[in-house]
Every structure is written in structure tokens, then in C-alpha cells.
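Structure, as C-alpha cells:
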Amino acid sequence: MTNPLDPAKLQDALAAVHRAGMPGIFAEVRDGDEIWSGAAGVADVDTGRSVTVDMRHRVGSVTKSFTAAAVLHQVENGEISLDTPIGHYLPRLVPGERGAVITVRMLLNHTSGLAEYLPHAYPSLAAFPAVAKTSPKSLDDNRFTRFHPTELIALGVSAPATGAPGCRPGVYSNTNYLLLSQLLELVTGLSAEKCITRDIIEPAGLRDTELPTGSELTGPHSMHYEAWFGMIEPPRDYSVFDMSWVGPAASLISTVADMNRFFGLLLDAEIVSRSSLAQMQRTGPVISFEGKIIEYGLGLHKVTVPGGGTYWGHDGSAWGSGAMAMISADGNRQLSFAVNLQRWNTLDPQGRPQPHAIDAALQGFTQLVLGD
């Protein structure tokens, strides 16, 4: 049983995240028909401009829930089959034996065994996940680089496999979702961005949500401050960035209200059918970028909150920006928030990220909203 909404406590918990070191945070909470929204901190550390709840923000891998929904929409149309090998559709991108074994479902739930391409595309990140051996140089070098998704996919496909196709735990990889984007283009004749906009964003009435094709954030928005584990000091703004390095895997711009609306409609089976939603909610263990085991379905993350039960949604980050959107299994309680600093944890002498006061403050805020 979740707590009733207490606006004063919610605002205090949000302010605690700012006091812990987060430049700015903004959030929207829904409890049935009741909505609370709040913000704390600054959108620009130089000018002191405040963050506001209506800001448009790069929400990272929250995008994957939208892309997965677009794929399921084409499954319903009979254009895609979840258990058909990707080599049937895109033989040049995943050739040979792996193309004949890796299915669309495996791409959606990260059990394909295809490696993440980013450490191969960004040379200064080549040692990832050995973070201490990386540097943020490639972020600056590639601020305006225009990548083509097929060249990124080729990097992931040619890298050593992370596991056998279909085996658990899966390993989280953006390569999977760039392949799904190419699949959407094949079956619809539209760019993946236009397909997702037509089939998912527009029917859901998400007026402040888009998949960008340029480098700029338009409308009210915050700076996006990246610290890269203490290697960028002070943290640098990356709100202007060409997002072709992730495309429809993680480039979405949205608001906390639009994210809550999307996941509310999704769990009401108004984005995809009830049977498609059931497919999305079939989960298994997946190793996240942080090396943690998460319960992952088809573009959906399942979270069990102490005292709060089961929640569905996704989190995400881009350079300098982070977001999370969660909805209770009964659809009654929702939380979406956005933050404008990423990789704030510094490294110990062994190269391991150290706990930070922001971690505890964010956990306290989410527990207040979602827990008992």
C-alpha cells in the first residue's frame, strides 16, 4: 500500500536531492486522479535559472519502451513476428548463423548476445566497463558527429558476443534496439523516428515528446551536466549533442508529464493490445550497464519496491541527463522524474564508483513516492 500524497514531504524530498549535489531535479507524481508536480534546483549553474516541471529533457533509454511498443504495433499488423530470426528480415546486418538464431524477441529483451557498440564507436570509452581506464574525450570529439545506425550495428555485431542467443542472464545492449529501428524502417518504409512518432507518440497525445533529428533541444529545457565519474570537473553541459550515436535506442526528448501519460496509457492497453502488453511484461534477468541484474521484458523494466509492490517502466540517461518513469501494476501510482547531472559518483583507488549523497537522496524520494 503506497502512502497518500503529501505535497510538503514530496517537495522536501525533492529538495534533499538538490542539497545532496544534484543541480536540478523535477518530477510528476500521479495517484489515481490526483497529480503532484515539483522542481528543485537550477537548470543552469552559471545563471541560477531554476528548473521547472514543464521542461523538455533527454530521457535516454526510456526511449526503448516507445521503440518496443512500435515493434509490437507491427506485430499486431502482421508485419513482424517476435520469434522470427532477425536474419530473415535483415540478413546483411546480422549474417550467418547468428542471424538465423537471434529472434526479434531476443533483441527486445536483450538476450541476443550482441555486444554494445559504444566502446567501439567512442575510442576513449574502449576499456568500458573498466571505467577508470576510460576518459570523456570522445564525448567532446563526437558532439556533432553524425553516425549512421548501420555502422554502429556493424561494430556491435562484429564485437565478441556477450553470450549465446537466448541464454540468461541477457546483457543490455543498444545494438539490439538500433537493429529494431532498422526493422521498423524495413516493414513500414518510414524512418524509425517517423514510424514511432506516427504510431506511438502522436496517438498518445504526447505534445512535448519527440525523437530529434538535430543537435538542439528546443523549448524550455535544462543544461545537461556530465561529470563522467569525476573526470569532468566542473561537470560540462552536453545539452547540445547529435544523438545519432543512439538514435531510437535512447534519443527521446520528453517531459515528466508526457512520460507518465505514455506509461499510463501503455498499462491500460491503449498503446498496444492487452496481449502485446502481456508479451512486454514477460521478464527475465538482464545485466545492466552498471553490472546489476534487472528484471527486463520487451522494452519494459520490472521493479519490486519494498512495501510498494510491483512497478513497470524504464530509466535512462544521455550525456548529462537522466530520467525514470514508473507505474504501479494496478496503474494507480506513477512517478516520473528528470535530473540534469550524470555519472556523479567518483572512483575509489580500485576504480569502483563510490556511493554519493545523491544516491541516498534519490532513493529516499522514490521510496517516499512508491513505497509504503
Side-chain angles (χ1 to χ4, degrees), residues 14 23-30 33-44 49-70 73 190-225 237-244 246-268 270-272 299 313-327 334-342 369:
L14 211 59
I25 179 171
F26 44 106
E28 183 190 84
V29 180
R30 300 188 180 190
D33 295 330
E34 187 180 356
I35 298 176
W36 174 88
S37 60
V42 297
D44 187 326
R49 176 171 58 94
S50 296
V51 286
T52 56
V53 296
D54 63 339
M55 285 183 161
R56 303 174 81 243
H57 201 70
R58 299 196 193 280
V59 300
S61 284
V62 175
T63 313
K64 289 181 173 65
S65 298
F66 287 70
T67 302
H73 185 72
L190 300 171
S191 71
E193 289 85 355
K194 288 181 179 179
C195 168
I196 296 165
T197 300
R198 180 196 69 182
D199 293 345
I200 306 300
I201 295 172
E202 289 179 350
L206 307 179
R207 297 176 185 173
D208 290 303
T209 298
E210 66 170 323
L211 287 159
T213 55
S215 304
E216 302 283 337
L217 261 166
T218 58
H221 64 275
S222 169
M223 302 295 99
H224 289 15
Y225 295 106
D237 170 42
Y238 289 97
S239 57
V240 177
F241 209 94
D242 188 308
M243 295 299 290
S244 60
V246 281
S251 66
L252 195 74
I253 295 167
S254 193
T255 63
V256 290
D258 270 9
M259 286 192 290
N260 273 342
R261 178 172 173 79
F262 169 76
F263 284 104
L265 292 171
L266 183 67
L267 257 67
D268 273 347
E270 294 186 39
I271 301 286
V272 297
H314 218 292
D315 61 358
S317 74
W319 304 131
S321 66
M324 187 182 80
M326 286 287 159
I327 180 170
Q334 286 189 260
L335 165 65
S336 287
F337 71 79
V339 294
N340 61 2
L341 173 68
Q342 284 296 285
V369 176

Practice task
Compute the ring centroids of Phe26 and Phe337, then answer whether they are less than 6.0 Å apart.
Solution key: no

Practice task
Please tell me if the side chains of Asp54 and Thr255 come closer than 4.5 Å, counting only heavy atoms from C-beta onward.
Solution key: no

Exercise for the section: Could you tell me whether a side-chain N or O of Arg56 sits under 3.5 Å from a main-chain N or O of Thr218, the two making a donor and an acceptor? Expected result: yes

Handout entry: Non-hydrogen atoms of Val53 and Val256 that approach each other most closely
Key = O-CG2, 3.5 Å

Practice task
Measure the spacing between CD of Gln334 and CD1 of Ile327 and express it to the nearest 0.5 Å.
Solution key: 3.5 Å

Practice task
Give, for atom CD of Glu193 and atom OG1 of Thr63, the distance between the pair rounded to the nearest 0.5 Å.
Solution key: 10.5 Å

Exercise for the section: Of all the heavy-atom pairs spanning Tyr225 and Pro23, show the shortest one and how long it is. Expected result: CD1-CG, 4.3 Å

Handout entry: Donor-acceptor contact present, side-chain Ser321 to main-chain Ser317, <3.5 Å
Key = no

Completion exercise
Thr209 meets the side chain to side chain donor-acceptor pair (under 3.5 Å) criterion, sequence neighbours left out, with Ser254, Asp258

Practice task
Begin with the C-alpha distance, continue with both residues' side-chain angles, and end with the deciding distance and a verdict on side-chain contact (heavy atoms from CB on, under 4.5 Å) for Ile201 and Glu210.
Solution key: CA-CA 8 Å; Ile201 295 172; Glu210 66 170 323; 5.8 Å; no

Exercise for the section: Could you check whether the rings of His224 and His57 sit parallel, tilted or perpendicular, using 30° and 60° as the cut-offs? Expected result: tilted

Handout entry: Residues Thr52, Met55; criterion side-chain contact (heavy atoms from CB on, under 4.5 Å); working and verdict
Key = CA-CA 6 Å; Thr52 56; Met55 285 183 161; 3.4 Å; yes

Practice task
Please round to the nearest 0.5 Å and tell me the distance separating atom CG of Asp44 and atom NE2 of His221.
Solution key: 9.5 Å

Problem - Ser244 (side chain) donor-acceptor with Gly247 (main chain) under 3.5 angstrom - result: no

Handout entry: Met324: which of Val339, Val62, Asp315 passes side chain to side chain contact (heavy atoms under 4.5 Å, CB included)
Key = Asp315

Problem - Intermediate values then yes/no, side-chain contact (heavy atoms from CB on, under 4.5 Å), Glu28 and Ile35 - result: CA-CA 7 Å; Glu28 183 190 84; Ile35 298 176; 3.7 Å; yes

Exercise for the section: Apply side chain to side chain donor-acceptor pair (under 3.5 Å) to Ser251 and Arg58, showing your working. Expected result: CA-CA 7 Å; Ser251 66; Arg58 299 196 193 280; over 6 Å; no

Completion exercise
Rounded to the nearest 0.5 angstrom, the CD1-CE distance for Ile253 and Met243 is 8.0 Å

Exercise for the section: Determine, step by step, whether Thr67 and Lys64 satisfy the side chain to side chain donor-acceptor pair (under 3.5 Å) criterion, reporting the C-alpha distance in whole Å, the side-chain angles of both residues, the deciding distance to 0.1 Å, and the verdict. Expected result: CA-CA 5 Å; Thr67 302; Lys64 289 181 173 65; over 6 Å; no

Practice task
Say whether, by atom type as modelled, one donor and one acceptor occur between the side chain of Arg49 and the main chain of Val42 under 3.5 angstrom.
Solution key: no

Problem - Spatial distance of atom CZ (Phe66) from atom CG (Leu206) [nearest 0.5 Å] - result: 5.5 Å

Problem - Shortest non-hydrogen separation from Pro248 to Ile196 and the atoms involved - result: CB-CD1, 4.0 Å

Fill in the blank from the handout: Correct closest heavy-atom pair for Trp319 and Tyr238 would be O-CB, 3.6 Å

Handout entry: Under 3.5 Å donor-acceptor, Ser61 side chain and Gly316 backbone
Key = no

Practice task
Say whether Asn260 and Ser336, considering side chains only, have a donor N or O and an acceptor N or O under 3.5 Å apart.
Solution key: yes

Exercise for the section: For Asn340 and Ser222, work out which heavy atoms get closest and say how close. Expected result: ND2-OG, 2.9 Å

Fill in the blank from the handout: Heavy atoms of Gly313 and Phe263 approach each other most closely as CA-CE2, 3.8 Å

Practice task
Enter the distance from Leu252:CG to Ile200:CD1 here, rounded to the nearest 0.5 Å.
Solution key: 11.5 Å

Exercise for the section: Evaluate whether atom CZ of Arg198 has more than 12 neighbouring non-hydrogen atoms of other residues, nucleotides or ligands under 6.0 angstrom away. Expected result: yes

Exercise for the section: Using atom types as modelled and distance alone, determine if a side-chain donor or acceptor of Asp268 lies under 3.5 Å from a backbone N or O of Glu270. Expected result: no

